[in-house]
*Asks:* 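Before we start, here is the structure in question, set down as structure tokens.
Lettering follows sequence order; numbering is per chain, from 1.
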Amino acid sequence: MSKKVFVGLSGGVDSSVTAALLKQQGYDVTGVYMKNWSQDLPGMVCPWKQDYQDAKRVAVHLGIPFKLYDFEKEYRQLVVDYMIREYRAGRTPNPDIMCNQEVKFKLFLETAIADGTDMIATGHYARIKDGKMFAGIDSTKDQSYFLYRVTEDALKKSLMPIGEYKKSEVRELARKFGLATADKKDSQGICFVGKVGIKDFLLHELGPQPHGVIIDQHGKKIGEHDGALFYTIGQRHGLQVGGGLPFYVTGKDMDKNIVYVTTDLQDDKLWHNELKLKEVYWINETPKTKSELQVRTRYRAQLVEIKEILFAKDGPPESKNDDVINILLDEDVRAVTPGQSAVIYDGERCLGGGIVY
RNA sequence: UGGGGCGUAGCCAAGCGGUAAGGCAACGGGUUUUGGUCCCGUGAUUCGCAGGUUCGAUCCCUGCCGCCCCAG
């Protein structure tokens, strides 16, 4: 009897092709639409119904069973609340990483297993071999960055067939399979916030924030902001201040409600050759200190060579000793941002990573 | 109320007699399963105001208004 696999169908091309490929490979495939968010937001109608229908259409076309898992409550709690909490603390979270860690590869996996499947599958551009994770073949679409907090155990029960293909090939396959989603535009932005934009979403959730001052590299006040929590390190637009050169955010003081900026692209405050990470997670074994490793500080960014990893004894007060590390780099990296993730690679292999603090 | 300088789009800023550069911001679009970055596109019938000289003025002259600096 063939292996049972539940494929997360989002209504997009990638997951559609994932299901088609697995079926072609002889798996006993079931399509599952995860309903994580359905609420309309000011200026945007939530596309979940459309996505659900597209997912169902694909399932029907492929002749596979189709299910709906309603995770709205959990998603709100695990992903959205986390995101809001982080922004309030002045950090810049990555909700999609949290979504993969807590929802797709934990809640969905557990629910699906309990529902009788052997494995799950998703339309991620990454490769899994023996519980190890590797970058997708298409380096321009590689999504392993978003998956570094998925456990080895979960990976062993997961399939990501799309990781073996380039995006253009996936589109081609979709057409070949006759999938309705073949030419559907790629989704972007946080899945649920979508077109609205993070600032509008936070404004909607938290209401107007106290305004404060914007101070440049010379200590001079150059304008006012409408809430420090809306701004992130490295950010250029949205400050509403002009004149001469563009301003980039270099830091924030949440207590004083100050946003610091600079016009100097070489400003020391914009560049770092050391990363302090907390909540460090290794997918498999903990690597040796001085191996030849690389790190990525944002999605699709170039890998940067690591000079040394120091397993720190002290970290931020709330963290345990063994999940804090310092990474020394060979070159400077721009706009290292607290709350964001730094993901560690050994070439194509994704080893794990941590959260900048 | 002696001397000097300046007033060009929301901001910075070139032009100094020939029919308004550029940058920032903003807005629109593109890239992107986080935030951000990045790329492309869009602005003044008009140059503080009022007169004058000239074929023609943002550029020259006069007056007024506003601002800055030095000196009292």
*Asks:* How far, in whole Å, is B/A9 from B/A44 if one measures between their C1' atoms?
*Replies:*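 Rounded to whole Å, the distance is 5 Å.
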*Asks:* Would you tell me whether A/S38 and A/E72 have side-chain atoms, one donor and one acceptor, within less than 3.5 Å of each other?
*Replies:*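 Yes, side-chain donor-acceptor contact under 3.5 Å.
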*Asks:* Say you pick atom P in B/C70 and the same atom in B/C59; how far apart are they, in whole Å?
*Replies:*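 It works out to 29 Å between them.
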*Asks:* For A/Q340 and A/T297, which I'm curious about, is there any donor-acceptor pair between the side chains at under 3.5 Å?
*Replies:*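 Side-chain D/A pair, A/Q340 to A/T297: absent.
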*Asks:* If I pick the C1' atom on B/U19 and the same atom on B/U37, what distance separates them, to the nearest angstrom?
*Replies:*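 So the two C1' atoms sit 41 Å from each other.
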*Asks:* Please give the distance between the C1' atoms of B/G23 and B/A13 as a whole number of Å.
*Replies:*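 8 Å, rounded to whole Å.
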*Asks:* Any ion pair linking A/D81 and A/R76 (charged N to carboxylate O, less than 4.0 Å)?
*Replies:*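 Result for this pair is yes, salt bridge flagged.
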*Asks:* Touch check for A/I97, heavy atoms < 4.0 angstrom, all strands: base, sugar-phosphate only, or nothing?
*Replies:*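 Since no nucleic acid heavy atom lies under 4.0 Å of A/I97, the category is nothing.
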*Asks:* When the distance from CD1 of A/I222 to P of B/G10 is rounded to whole Å, what number comes out?
*Replies:*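 Going from CD1 in A/I222 over to P in B/G10 covers 19 Å.
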*Asks:* Whole angstroms only, please: what is the NE2-P distance between A/H272 and B/G36?
*Replies:*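 Answer to the nearest Å: 20 Å.
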*Asks:* Decide ring-ring contact (aromatic ring centres under 6.0 Å, His included) for A/Y345 and A/Y145; before the verdict, give the C-alpha distance in whole Å, the side-chain angles of both, and the deciding distance to 0.1 Å.
*Replies:* CA-CA 10 Å; A/Y345 292 80; A/Y145 176 83; 8.1 Å; no
*Asks:* When the C1' atoms of B/C24 and B/U42 are considered, how many whole Å apart are they?
*Replies:*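 Those two atoms are separated by 15 Å.
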*Asks:* Please check: side-chain N/O of A/K23 versus main-chain N/O of A/L62, any donor-acceptor pairing under 3.5 Å?
*Replies:*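 Yes; at least one donor-acceptor contact below 3.5 Å.
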*Asks:* Pairing donors with acceptors under 3.5 angstrom, does anything connect the side chains of A/T262 and A/D264?
*Replies:*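 No pair is found: no donor N or O on one side chain lies under 3.5 Å from an acceptor on the other.
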*Asks:* Check the side chains of A/N94 and A/R149 for a donor-acceptor pair under 3.5 angstrom, ignoring hydrogens and angles.
*Replies:*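 No - no donor-acceptor pair under 3.5 Å links their side chains.
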*Asks:* I'd like to know if the side chain of A/K184 and the backbone of A/G11 have a donor-acceptor N/O pair within less than 3.5 Å.
*Replies:*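 Flag set: sc A/K184 to bb A/G11 pair under 3.5 Å.
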*Asks:* Has A/K185 got a side-chain N or O lying under 4.0 Å from the OP1 or OP2 atom of B/U33?
*Replies:*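 For B/U33, neither OP1 nor OP2 has a side-chain N or O of A/K185 closer than 4.0 Å.
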*Asks:* For the side chain of A/Q340 and the base of B/U34, is some donor closer than 3.5 Å to an acceptor across the two?
*Replies:*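 Side chain to base: pair found, below 3.5 Å.
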*Asks:* Looking at every strand, decide which applies to A/G238 at a 4.0 Å heavy-atom threshold: base, sugar-phosphate, or nothing.
*Replies:*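 Contact class for A/G238: sugar-phosphate only.
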*Asks:* Atom OH of A/Y231 to atom P of B/U37: distance rounded to whole Å?
*Replies:*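 Atom OH in A/Y231 sits about 12 Å away from atom P in B/U37.
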*Asks:* By nearest nucleotide on RNA chain B, pick out whichever of A/T140 and A/R298 is the more 5' one.
*Replies:*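 Mapping each residue to its closest nucleotide by heavy atoms, the 5'-most match is A/T140.
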*Asks:* Provide, to the nearest angstrom, the distance between the CG atom belonging to A/D186 and the P atom belonging to B/U33.
*Replies:*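 That distance rounds to 6 Å.
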*Asks:* At under 4.0 Å between heavy atoms, what does A/Q240 touch on the DNA or RNA strands: base, sugar-phosphate, or nothing?
*Replies:*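 Sugar-phosphate contact only.
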*Asks:* Can you tell me how far C1' of B/G35 sits from CE of A/M83, to the nearest Å?
*Replies:*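 Value for this atom pair: 10 Å.
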*Asks:* Mind checking the P distance from B/G36 to B/G29? Whole angstroms is fine.
*Replies:*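 It works out to 15 Å between them.
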*Asks:* Assuming nearest nucleotide by heavy-atom distance, tell me which of A/K141 and A/P246 is located more 5' along RNA chain B.
*Replies:*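 Nearest-nucleotide comparison on RNA chain B picks A/P246.
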*Asks:* Where does B/U33 land, syn or anti, given syn is within 90° of 0?
*Replies:*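 Syn, which is what one calls it when the glycosidic angle falls within 90° of 0.
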*Asks:* Decide whether A/N36 and A/Y69 meet the rule of one side-chain donor and one side-chain acceptor closer than 3.5 Å.
*Replies:*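 Side-chain D/A pair, A/N36 to A/Y69: absent.
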*Asks:* Could you report the tightest heavy-atom contact between A/T181 and A/S16, atom names first, then the distance?
*Replies:*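 In this case the closest contact between A/T181 and A/S16 is OG1-OG, 2.8 Å.
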*Asks:* For A/M34 and B/U33, what is the distance between atoms CE and C1' respectively, to the nearest whole Å?
*Replies:*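 Distance, rounded to whole Å: 13 Å.
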*Asks:* When all nucleic acid strands are considered with a 4.0 Å heavy-atom cut-off, which category describes A/K199: base, sugar-phosphate, or nothing?
*Replies:*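 Counting heavy atoms under 4.0 Å across all strands, no contact is made by A/K199.
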*Asks:* Which residues end up grouped with A/I258 if you chain together Ile, Leu, Val, Met, Phe, Trp and Tyr wherever their side-chain heavy atoms are less than 4.5 Å apart?
*Replies:*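 Its cluster partners, ordered by chain and number, are A/V213, A/I215, A/Y260.
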*Asks:* Which is true for A/H124 with a 4.0 Å heavy-atom rule: it touches a base, it touches only sugar-phosphate, or it touches nothing?
*Replies:*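 Since a base atom lies under 4.0 Å of A/H124, the category is base.
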*Asks:* Please report the distance separating the C1' of B/G18 from the corresponding atom of B/G3, rounded so that it comes out in whole Å.
*Replies:*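 Result for the C1' pair: 35 Å, nearest Å.
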*Asks:* Under 4.0 Å between any heavy atoms, over every strand shown, what does A/G234 touch: base, sugar-phosphate, or nothing? Just pick one.
*Replies:*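 Answer is sugar-phosphate: A/G234 comes under 4.0 Å of backbone atoms only.
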*Asks:* Given a 3.5 Å cut-off on both pairing distances, which stems involving RNA chain B, each at least three consecutive Watson-Crick or G-U pairs, are present, if any?
*Replies:*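 Only these stems qualify: B:2-7 with B:65-70, B:10-12 with B:22-24, B:26-30 with B:38-42, B:48-52 with B:60-64.
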*Asks:* Do A/R236 and B/G36 have a side chain to base donor-acceptor pair shorter than 3.5 Å?
*Replies:*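 Result: no qualifying N/O pair found.
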*Asks:* With respect to the phosphate group of B/U37, does any side-chain polar atom (N or O) of A/H237 fall under 4.0 Å of OP1 or OP2?
*Replies:*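 Yes, such a contact exists.
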*Asks:* Using atom CZ of A/R300 as one end and atom P of B/C39 as the other, report the distance to the nearest whole Å.
*Replies:*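 In whole Å, B/C39 P lies 15 Å from A/R300 CZ.
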*Asks:* CD1 of A/I233 versus C1' of B/U37: gap in Å, rounded?
*Replies:*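 After rounding, the gap between these two atoms is 13 Å.
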*Asks:* Output yes when A/K156 and A/D153 qualify as a salt bridge under the 4.0 Å nitrogen-oxygen rule, no when they do not.
*Replies:*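 A/D153 and A/K156: not salt-bridged.
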*Asks:* What are the residues of residues 247-264 of chain A, sorted by number, that bring a heavy atom to within less than 4.0 Å of RNA chain B?
*Replies:*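 Nucleic-acid contacts, sorted: A/Y248.
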*Asks:* Suppose you measure atom C1' in B/A20 against the same atom in B/G4; what distance do you get, rounded to whole Å?
*Replies:*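 These two C1' atoms come out 28 Å apart once rounded.
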*Asks:* Pick base, sugar-phosphate or nothing for A/K167, based on heavy-atom distances below 4.0 Å to the nucleic acid.
*Replies:*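 Since no nucleic acid heavy atom lies under 4.0 Å of A/K167, the category is nothing.
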